[in-house]
Amino acid sequence: VETSSDGVVTSDHPVLPGSFAGLADDILASPMLHHPPFADEVERWVGLWSEAYSDWMPSYLGRMHGFQVIVDTTLASRGLPPSLRYLPVIESGYNPTAVSTAKAVGLWQFMAPTAKDFGIEVGPLVDDRRDPFVSTAAAAAYLEQLNQKYDSWFLALAAYNAGPDRIDGILRKYLPDVEPSDAAYWALREVLPSETAAFVPNFIGAAIVASDPVAHGYDAPVPVDFDFDRVPIRGSISFDAAARAAGTTRDEIERLNPQYVKGVTPPDREVDLRL
């Protein structure tokens, strides 16, 4: 089994399917995937995504295909691992309006303070954490920043989940003289928050299943399109009025414009309404 030094998955991988061979991806090419206990945990998550979560996975995959061009283009523009396209599968099920119990919102599950740090508007009428374009651009910038900080994608993903301050504190307490690395993430699993300790194997397991759902017992995904025209709107207009004027439905306008929280465009500016 070999993984090239430039982060390309080569051949005969013990965990990854052949469809990943030749992929330049520093997450999937991590030597930790050759570590049997970590590989076993990934396999456990593959089983969960194939069976225990089978009621939800088809809708997740349908939405993923609808947003795939947005996500893939953004990741490629920053030279980020293409496997990060699967991160919203475990974060939100690719649902732009998803809200966690901790009040994280959107495809990429931004908390409000982090979102504001990256210039995302979070307000009573407009919450751009729910906008797939705005939130994907911010998530890519944040993930790039975290990887530059730790020089480890596993620790970057842990920090994305738990917050960098928490990961920094755990590293200082338990591994003060050890260079951050993917192996350090796994070594810390007993002291990480439980969700964070499972986060990377969960992500890789979801990536394996989502990359080839038919091989894991699913029908081919039915894509949910996210195609639209942009219409400039100045001032406040309700989705009901916009639907009547455009000959469409309120539900369709809500689906294409999830960032307008109250079903109305903001009164203080010109915005694009997707129709």
Side-chain angles (χ1 to χ4, degrees), residues 59-80 84-146 160 222-275:
S59 62
Y60 292 5
L61 295 174
R63 289 193 293 262
M64 183 186 80
H65 281 268
F67 294 118
Q68 191 164 305
V69 172
I70 300 169
V71 172
D72 287 356
T73 301
T74 304
L75 295 175
S77 72
R78 288 184 173 271
L80 299 180
L84 289 170
R85 70 157 63 156
Y86 304 111
L87 189 54
V89 172
I90 71 168
E91 286 285 10
S92 65
Y94 261 97
N95 180 359
T97 63
V99 181
S100 75
T101 55
K103 305 302 182 186
V105 171
L107 291 184
W108 299 91
Q109 289 291 279
F110 272 104
M111 298 293 288
T114 305
K116 291 175 182 177
D117 286 345
F118 283 87
I120 298 177
E121 181 176 357
V122 179
L125 291 181
V126 180
D127 187 344
D128 274 333
R129 293 178 294 175
R130 297 157 56 114
D131 187 308
F133 293 92
V134 175
S135 64
T136 297
Y142 187 32
L143 287 161
E144 182 178 42
Q145 181 185 96
L146 290 171
Y160 190 89
V222 178
V224 178
D225 291 333
F226 199 74
D227 297 327
F228 53 84
D229 293 320
R230 297 179 186 270
V231 177
I233 301 291
R234 180 175 294 278
S236 181
I237 182 172
S238 73
F239 285 1
D240 288 326
R244 289 193 298 270
T248 186
T249 65
R250 178 190 172 98
D251 286 348
E252 184 67 358
I253 293 178
E254 286 180 343
R255 186 179 74 83
L256 295 174
N257 299 275
Q259 68 274 27
Y260 302 130
V261 179
K262 302 294 187 182
V264 62
T265 57
D268 57 346
R269 71 193 88 164
E270 180 177 295
V271 298
D272 284 340
L273 193 67
R274 300 170 188 146
L275 298 172

Using every non-hydrogen atom in the two residues, find where [X] and [Y] come nearest and quote the distance to one decimal.
X	Y	answer
I70	T74	O-OG1, 2.8 Å
K103	M111	C-SD, 4.0 Å
D272	N257	O-OD1, 4.2 Å
F226	R274	CZ-NH1, 4.1 Å
P232	E270	CB-OE2, 3.7 Å
S135	F110	O-CE1, 3.6 Å

Kindly compute the distance separating [atom1] ([X]) from [atom2] ([Y]), expressed to the nearest 0.5 Å.
X	Y	atom1	atom2	result
R250	R255	CZ	CZ	15.5 Å
D72	L80	CG	CG	11.5 Å
S238	R244	OG	CZ	6.0 Å
L256	T248	CG	OG1	8.0 Å
F67	Y94	CZ	OH	9.0 Å
Q259	L125	CD	CG	12.0 Å

Just wondering, do [Y] and [X] contact through their side chains at under 4.5 Å, heavy atoms?
X	Y	result
L107	E91	no
V271	Y260	yes
V126	V261	no
D128	V122	no
V224	H65	no

Geometric class of the Y160/Y142 ring pair [parallel <30°, tilted 30-60°, perpendicular >60°]: tilted
Q109 side chain to G106 backbone, donor-acceptor under 3.5 Å: yes
Side-chain donor or acceptor of R63 paired with backbone N/O of G93 under 3.5 Å: yes
Distance-only polar pair, side chains of W108 and S92, donor-acceptor under 3.5 Å: no
Short side-chain donor-acceptor distance under 3.5 Å, T97 and N95: yes
Under-4.0 Å salt bridge between R269 and E121: yes
More than 12 heavy atoms from other groups under 6.0 Å of CG on D268: yes
Residues T265, L273; criterion side-chain contact (heavy atoms from CB on, under 4.5 Å); working and verdict: CA-CA 8 Å; T265 57; L273 193 67; 3.9 Å; yes
Cation over ring face, R230 and F133, 6.0 Å, 45°: yes
